[in-house]
Structure formats: structure tokens, C-alpha cells
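Start at 1 and go down the list; that is how both ligands and their atoms are numbered. Small disclaimer: the values here were computed from a predicted structure and weren't measured.
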Amino acid sequence: MTFTTAKDFPHDFAWGAATAAYQIEGAVAEGGRTPSIWDTFAHTPGRIMNGDTGDIACDHYHRFAEDVTLMADMGLTAYRFSLSWSRVMPTGTGSLSDDGVAYYRRVLTALRERGIRPFVTLYHWDLPQELEDAGGWTTRATAEAFGEYARAAAEALGDLVDTWTTLNEPWCAAYLGYGSGVHAPGRTEPESALKAVHHLNLAHGLGVQALRSVLGDDVPVSVTLNPQVAVPVSDSAADRDAARQIDALSNRAFLGPMLEGAYPADFLADTAEITDWSFVQDGDLEAIHQSIDLLGINYYQTVHVSRNLGEGAAVRNDGHGDAAASPWIGADTVNFHAQPGPVTTMGWNIQPNGLRDLLRDLHRQYPDLPLAVTENGAAFADEVVVDGAGFEGAGAGVEGADGGGSGARRVHDEARTAYIRDHINAVGQALESGVDVRGYFVWSLMDNFEWAFGFDRRFGLFYTDYATQERLWKDSALWMQEFLH
Ligand code: GCO
């Protein structure tokens with residue numbers, strides 16, 4: 001069947017949008033917040049396109065109430081966002097900021113009042129700078145600090161949160177942050193990237209334990225990963241092995257310890273020339289291996305790989321920035337191939353079946369673990385147009401939708417609407433084949449600070465006019481509203 005309205009899905013399915021603190025909040029020096037590695041990185045010349053920073057971003061810190069109203073008007077039943085660690089715990093460890101806690105309690109309360117379930121991510125890449133100065137994710141002290149922070153957040157906010165997520169995409173934090181250096185803290189040290197993998201895994205385990213020790217065994221806890229769907233370009237043994245290696249490095253390096261209590265042997269072998277893994281201590285794998293209630297999946301694209309057996313330089317068209325160094329540690333002989341067919345402004349290919357197949361695969365591997373699509377969406381070069389004629393779309397008459405009259409400012413984002421529609425349909429197909437999927441979150445609620453690309457890439461359902469901070473309903477938001485009603 002095709003899945004054309006929310007009614008085609010289970011009644012308690014979570015329909016949401018996702019954001020992250022540094023990408024939307026702004027107010028970087030308010031309420032006692034201290035700099036995170038993203039503040040430092042964004043203020044380093046040459047790191048971010050057009051010199052953009054998250055200093056103001058979407059000014060969500062001051063406008064969250066308005067933004068929650070937009071979510072409610074759209075009909076969202078869930079919202080996934082992250083806490084700024086250095087807003088909640090300004091020195092990275094130790095005592096909480098009353099202002100930081102009060103701010104998030106206001107956000108959570110506003111969501112609850114609208115019947116929107118808060119999915120709260122503890123770590124979406126914005127490590128307090130003070131912790132990076134002491135070694136960042138290359139040290140186990142950072143994992144221990146994360147456990148403390150998780151405990152404090154659970155105590156301060158646990159009564160208002162629906163579902164906790166320890167980490168968002170540790171792949172990016174480790175390999176883009178410490179490997180290719182296109183993300184904060186911008187280090188290009190292959191062994192450090194592998195240390196970061198391990199200490200992020202350990203942070204997850206310590207975080208789950210802390211959340212449960214404060215909130216009890218029934219508190220819903222998750223982690224969000226961005227599995228790479230690596231497709232070999234041919235059926236040759238060499239190309240299939242390239243896909244295996246990328247799967248190990250990207251996916252099983254996290255799924256293995258978190259869900260099975262061990263690093264995959266092939267991953268350890270593939271990286272043996274870079275590190276001896278002696279920083280993994282006795283008891284770490286037990287600490288990491290905690291039962292969780294939900295696995296969050298962020299999905300955007302597939303990557304197509306082959307093994308470079310010849311002398312030629314490796315091809316790298318992997319959509320992770322034009323960096324001098326590679327995020328694919330120990331995989332120098334893997335080629336990444338551009339795909340024919342439509343791509344988004346990020347250069348990422350559009351392949352809804354990849355999402356369906358990924359969900360099926362994960363369900364096959366972990367049949368008892370519920371899944372949710374915690375991010376999916378697309379950047380396109382949106383244009384604001386002024387429609388002359390009256391608008392009669394789904395938003396007409398809805399508060400905030402600016403639903404009619406001449407001169408309405410519109411964003412006709414057909415490509416994004418089709419992207420979201422087709423990926424929701426892919427989730428429906430996974431459900432139909434028996435996969436336990438609990439939710440779908442669009443990345444993102446509104447256009448925001450897209451990391452190294454600054455404000456150049458727009459992923460939002462709402463268009464952010466950065467000059468005025470006005471939010472405009474894109475056609476995709478109106479489509480989503482109709483889908484949910
Ligand atoms: C991600 C992120 C988002 C990005 C989005 C688009 O986890 O990569 O969670 O912060 O903005 O994926 O690149």
C-alpha cells in the first residue's frame with residue numbers, strides 16, 4: 001500500500017521534527033552559558049562557510065514559545081531537540097546552572113502543554129570547551145564527565161522528558177571532529193578519532209546507567225546513530241569488502257559495543273596499524289553494553305563504494321566536506337562514488353529505498369529493539385516568492401499559516417515535500433514488513449546553522465528569515481500539516 005496520511009500508521013506513532021541546541025538557540029553568552037567547541041570552531045576564520053556562527057542562529061532561546069506554537073499548529077506529536085551541555089553545566093562538570101535548567105524547564109513545559117512529547121538528546125556535538133582543553137573525547141575523563149552531566153540532567157529535568165537520547169551521531173563527533181577535522185574541534189588525528197569512538201561509546205554506557213539510576217529502569221532511553229548504507233558498486237569480492245569495511249568503521253563500531261558488548265574483530269583488524277586499542281580498559285565493554293529502549297536512526301543518503309586496487313588516487317565524493325584529511329580512518333583504499341540521479345544541495349543522493357532496507361536490516365539484526373527515524377530531510381535552495389493570487393492550500397485559516405490574501409510570502413519546495421513524502425512511505429513499507437518503527441522526525445523544524453555550511457544550507461519545514469527571525473511556512477510544512485490532520 002502507499003502511506004498517504006498519518007492514519008495509515010499506528011496511532012501512537014511519534015511524528016516530529018528535530019533540531020540541535022547550537023544550530024538554533026543563539027544566546028551563546030546568556031544565562032551563564034560558556035563556550036562549547038562549536039563556538040570556538042565557528043569563530044575560527046575559515047572553518048565555516050561565509051564566516052557564519054551560531055551566536056544568534058534562529059534566536060530560538062528567546063522565541064521558543066512561538067516555535068512550539070508552530071509545531072502544535074502543524075500537528076506534530078513529538079519534538080526532538082538537544083540540551084546545550086555548557087548551558088546546563090557551564091564548567092562541564094560540577095554544579096548546574098539555575099538559569100540553564102530553568103530555560104529547559106520552560107521549553108519542556110511549553111511542549112507538554114501542547115501535548116508534544118519531548119525527545120531530549122544530551123549530546124549533539126557541543127562539548128564544553130573546557131573539557132576539550134583537557135583532551136576532549138580522546139580522554140576517558142570526558143566520558144566520565146558525560147555520565148555526571150547525564151545524572152544531573154535527569155535529576156533536574158527528568159519529570160518533563162518523554163524519551164532520553166544519550167548521543168547524536170557519534171560517527172560525526174569522532175570522525176569529522178577528530179579525523180577529517182571538518183567539524184569541531186577540527187583535529188586531524190586518526191588515532192584520536194578512534195579514541196573518540198571509544199570514549200563516546202563509554203559516555204553512552206555511563207549515560208544510560210546514570211539516567212536509569214535517577215529515573216528508574218522504566219525510563220525510555222535511546223541513542224541516535226547515522227548508519228552509513230554502504231552499497232558496493234559491483235559484486236566483486238574487493239568491492240564487497242570495501243562495503244564491509246565502511247559498515248564496520250561506521251556502524252558496527254558503535255552497534256557492536258552498545259548492543260553486543262564487543263568491538264567487531266574486523267574493525268579492530270582494519271585499524272590495527274593506527275592503534276593498539278590499549279585505551280580500552282577492563283570493564284569498559286560491560287559499561288557500554290546497556291539495554292536500551294529505542295534505537296534512533298538518522299538517514300539521508302546511501303554511499304557507493306569500491307576498493308581501489310590500482311595506483312590511482314582514491315576518489316572521495318562522500319558528502320562530508322572537502323577536507324584535507326579523511327574521516328574514513330584506515331580505509332584509504334575505499335573509493336566513494338557519486339551517484340547518478342537526483343541529489344540534494346548537500347550532494348547527497350535521494351534514495352528512499354535505502355531507508356526502508358536499512359530499517360529492515362537493523363530489525364533483522366536486533367529483532368527486539370524498537371527503531372525510530374530520528375532525522376530525515378533534505379537541503380534545497382529555497383526561494384521566497386510573493387504569490388499574487390489568494391492561497392487556498394492546506395494552511396488556509398490556520399493560525400500562523402498566513403493562509404491567504406495577495407502578497408503572501410511562500411516557499412514552493414516541491415522537491416523537499418516529495419523527499420519527505422517518499423521517505424515516510426519507505427517507513428510505512430518497513431512497518432508493513434514487520435519492522436517495529438515508533439516514530440519519524442523531519443530534519444529540521446526550521447532552517448538553521450548547518451555546521452560547516454553555516455546558514456547556506458536550508459533543511460527546514462519552516463523558512464527562517466535570518467534578518468527578521470520570521471518563520472515562513474514552506475509548502476512542505478503545509479503538506480506535513482495536511483498529512484497529520
Ligand atoms: C546530524 C545532524 C544535524 C544535521 C543534519 C543535516 O546529526 O548530522 O543531527 O545536526 O544538521 O544531519 O546535515
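- Remark: ligand 1 and R80 share no N or O pair separated by less than 3.5 Å (distance only, no angle test).
- At a threshold of 4.0 Å, the pair D270-R244 counts as salt-bridged, since one of the basic side-chain nitrogens sits closer than that to a carboxylate oxygen.
- Residue contacts with ligand 1 include W348, since one or more of its heavy atoms lies under 4.0 Å from the ligand.
- Taking every heavy atom of W125 and a limit of under 4.0 angstrom, the matching atoms of ligand 1 come to 1 (C), 2 (C), 7 (O), 8 (O).
- In this structure, H124 is part of the shell of residues with a heavy atom less than 4.0 angstrom from ligand 1.
- A salt bridge does not link K195 with E189: every distance from a Lys NZ or Arg NE/NH1/NH2 to an Asp or Glu carboxylate oxygen is 4.0 Å or more.
- Donor-acceptor pairing under 3.5 Å is recorded for the side chains of H198 and D284.
- The contact set between ligand 1 and N298, taken as ligand atoms under 4.0 Å from a residue heavy atom, comprises 7 (O).
- We find that R80 and E375 are joined by a salt bridge, their nearest charged nitrogen and carboxylate oxygen being less than 4.0 Å apart.
- The pair D465-R409 meets the salt-bridge criterion, with a side-chain N (NZ, NE, NH1 or NH2) lying under 4.0 Å from an Asp/Glu carboxylate O.
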CA sep, side-chain torsions, deciding dist, call: V161, L108, side chain to side chain contact (heavy atoms under 4.5 Å, CB included): CA-CA 7 Å; V161 173; L108 288 161; 4.2 Å; yes
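- Residue N168 touches ligand 1 through its side chain alone, judged by heavy-atom distances below 4.0 Å.
- Remark: minimum distance from atom 9 (O) of ligand 1 to any protein heavy atom is reached at E375 OE2, 2.4 Å.
- Heavy-atom proximity to Q23, at under 4.0 Å, picks out these atoms of ligand 1: 3 (C), 10 (O), 11 (O).
- Taking a cutoff of 4.0 Å between a charged side-chain nitrogen and a carboxylate oxygen, D447 and R457 do not qualify as a salt bridge.
- Ranking the protein heavy atoms by distance from atom 8 (O) of ligand 1 puts E169 OE1, 3.0 Å first.
- Checking F459, Y22, F449, Y300 against atom 5 (C) of ligand 1, the nearest heavy atom belongs to Y300.
- In this structure, the protein non-hydrogen atom closest to atom 13 (O) of ligand 1 is E450 OE2, 2.6 Å.
- Looking at W443 next to ligand 1, an N or O pair under 3.5 Å apart turns up.
- Look at D67 and R63 and you find no salt bridge, because none of the NZ, NE, NH1 or NH2 atoms lies under 4.0 Å from a carboxylate O.
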